[in-house]
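Okay, so here's the structure we're looking at.
Convention: sequence-line order gives letters A, B, ...; per-chain numbering from 1.
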There are 2 protein chains.
Amino acid sequence: MLKNRVKEMRARHSFTQSDLGKRVDVTRQTIAFIEKGEFSPSITLALKLAKALKIEVNELFWLEGEKEDEK
Amino acid sequence: MLKNRVKEMRARHSFTQSDLGKRVDVTRQTIAFIEKGEFSPSITLALKLAKALKIEVNELFWLEGEKEDEK
DNA sequence: ACATAATGTACATTAAACTTAACATTAAGT
DNA sequence: ACTTAATGTTAAGTTTAATGTACATTATGT
């Protein structure tokens, strides 16, 4: 199961959902859905989000129970 | 534009497209499409592929012209 | 040369991502 | 209290990812 810390990282940058959506070319609803964990975005969008939020993509999204496994 | 080195990494592990598909729960056609760059898989699938190929997800997939940008 | 595994491609269909629009609720500022 | 920005959420629609099937081409091995 996929987990993410988009909401947390977005808050850290003081971006609204709309702000972030504009930066990565999706609507604010898409951001909201992702934050809720409603679906798994494309890797393209995930990479854009990671870039916008200045964090590694694998730190922003990870598979449940596997985050520390590979360290 | 999204780029990847799935084919190269798969070869390095001597996996067939079917092998890799089974490991990440998709069909061999999906692997073939990804290798051709025909579409952008979900972050969930990208993470599974990275794990199966023992490489960081951001080393496996990256946005054109941005690979070295963030170093 | 033959058999078989692996890959390339294409088409029709299903599933999931993403959009657009709408409305209700919460937070922030005056 | 009022206004406005931000968020939560839902439904219906479009686009794209992913499947299933099928057949042709390219290795690989004997």
Full working for side chain to side chain contact (heavy atoms under 4.5 Å, CB included) between B:Phe61 and B:Ile34: CA-CA 10 Å; B:Phe61 292 93; B:Ile34 292 169; 4.0 Å; yes

Starting at atom CZ of B:Phe39, determine the distance to atom P of D:dT16, rounded to an integer number of angstrom. 13 Å

Nearest whole angstrom, please: distance from the C1' of D:dA17 to the CG of B:Leu2. 13 Å

Separation of D:dA6 C1' from A:Glu35 CD (nearest whole Å): 12 Å

For B:Leu53 and B:His13, which heavy atoms make the closest approach, and how far apart are they? O-NE2, 2.9 Å

Between A:Arg10 and D:dT7, does any side-chain N or O lie under 4.0 Å from OP1 or OP2? yes

Looking at B:Lys36, I'd like to know whether one of its side-chain N or O atoms comes within less than 4.0 Å of OP1 or OP2 on C:dT9. yes

Please determine if a side-chain N or O atom of A:Lys7 lies less than 4.0 Å away from the OP1 or OP2 oxygen of D:dA6. no

Output the rounded distance in Å from NZ (B:Lys22) to P (D:dA18). 19 Å

Counting only distance, no hydrogens or angles, is the base of D:dG20 paired donor-acceptor with the side chain of B:Arg28 under 3.5 Å? no

Euclidean distance, atom CD1 of residue A:Ile31 to atom P of D:dT9 [Å, nearest integer]: 16 Å

I want to check one thing: is the phosphate of C:dA6, taken as OP1 and OP2, less than 4.0 Å away from some side-chain N or O of B:Ser18? no

Looking only at heavy atoms, which two atoms of B:Glu64 and B:Lys3 are closest? And how far apart? OE1-CE, 2.7 Å

Kindly say if B:Gln17 contacts the phosphate of C:dG8, meaning a side-chain N or O under 4.0 Å from OP1 or OP2. yes

Measuring to OP1 and OP2 of C:dT20, would you say a side-chain N or O of A:Thr27 lies under 4.0 angstrom away? no

If you define the side chain from C-beta out and look only at heavy atoms, does anything of B:Glu56 sit under 4.5 Å from A:Glu56? no

